[in-house]
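Structure first, then comments.
We count ligands from 1, going down the list as the structure has it; atoms in each ligand are counted the same way. Quick caveat: nothing in here was measured; it's all calculated off a predicted structure.
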Amino acid sequence: MPGRIDFQRWFQEARFRSPLCGFSEVRQLIEIRKDPLTGRLCRINVERARRPKQSPVESEEVKRVIQESRGGCFFCPENLEAKTPKLPAELGDRIRVGRATVFPNLFPFGGFHAVGVFSDDHYLPLDRFTPEMIYDCFSACIRYFQAVSRHSPQARFWHISWNFMQPAASSIIHPHVQILAEPLPTPYLDELMARSREYMEKNGSNYWRDVVDAERGGERYIGRTGKVHWLASYAPQASREVTGIVEGVSSLAGIGEVMVDLCDGLSRALRGYHEMGVRSMNFTTFSGPSDPDISEFYWLNVRLISRPAPAPFHISDCGFMERLHLEPVIEVLPEDLASWLRKLFLE
Ligand SMILES: [Zn+2]
């Protein structure tokens, strides 16, 4: 029953005498929204959100950095064999599917931390990641997880994450995902699963099904690709946050051919981002354990967020509110984001 989802929001009014209009008094509305599952807050300055969006200038500096990084790139085909690590012998060598290759991370922050390179292309803008290209890469990631699980079944939490370009914390331009198989969920994933279980105990229904039903056809619903529903998050934790919800599946281990739907939607959302002027982004999956299946109360979901466009001395989108107080300031209304992206999901 959609009625169980509690979309809470309230407003603050800021009053001041503005130098922009002869020191007469102006008022600005700040909207505070609460995530219906986690209770996390975000604040949206509606005035800022409605400012006309500037398209980024493709700076010559950024083009030069991309060009210069080509020489000596470890992920380019002429270096990949010689310069990237191989898996431990029991897991094979490197994993290849189509044009994608998975190999261990040279500087891991987890026991099972690998890299998935999409293709030979040293640089691609966000509108050039086809569903097939993403599918090959994510399928290679799943093969890695399956190989890890055979030897280390405790590594039950599988993550596929993608930092795109430097403002999103990518140190290497050549497009790649980072994948981890972990014995414990990250704190945020743990929170999502715990709140979903509580929701089921309280309401007798699945939060994710309820939120899809509540949002379907509404102003934040972007569209669906097969069994994956795409929403502009009601209370985003970062700019232009898009959530993809995988119907009836609790983990990457159980996704099977629904991966095609996931990659189709992700490709569309990335094209939409590009059209909106986004040039840097983060993506991640929030996957329940590979075992057991917890789809009764939790569905696999993925998020993507935009980051500042690459430019010398760009202004970070993470300040004290985002990094220390965990209450992000959002500049794009989720409803505007959905209306932007919706057209990409109609074809
Ligand atoms: Zn390269």
What pairs of donor and acceptor atoms, side-chain ones from residues 295-312 against any protein atom, are under 3.5 angstrom apart with sequence neighbours left out?
| from | atom 1 | to | atom 2 | distance (Å) |
| --- | --- | --- | --- | --- |
| S295 | OG | D293 | OD1 | 2.6 |
| Y298 | OH | F286 | O | 3.0 |
| Y298 | OH | N301 | ND2 | 3.0 |
| W299 | NE1 | S295 | O | 3.2 |
| N301 | OD1 | R303 | NE | 3.3 |
| N301 | OD1 | R303 | NH2 | 3.0 |
| N301 | ND2 | W299 | O | 3.2 |
| S306 | OG | S239 | OG | 3.3 |
| S306 | OG | R240 | NH1 | 2.9 |
| R307 | NE | D317 | OD1 | 3.3 |
| R307 | NE | D317 | OD2 | 3.0 |
| R307 | NH1 | N282 | OD1 | 2.8 |
| R307 | NH2 | D317 | OD1 | 3.0 |

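Listed by first then second residue, pairs satisfying side-chain hydrogen bond (donor to acceptor under 3.5 Å, both in side chains) with a partner in residues 135-145 read Y135-E257, not counting sequence neighbours.
Minimum interatomic distance between R268 and L344 (heavy atoms only, all atoms of both residues): NH1-O, 3.0 Å.
Under the 6.0 Å distance and 45° angle rule, R220 does not count as a cation-pi partner of Y234.
A distance of 9.0 Å separates CG in L262 from OG1 in T285, rounded to the nearest 0.5 Å.
Under the rule for a side-chain contact (heavy atoms from CB on, under 4.5 Å), the partners of A147 that lie at least two apart in sequence or sit in another chain are L91, R150.
Of all protein N/O/S atoms, those lying under 2.8 Å from the Zn ion (ligand 1) come to 4.
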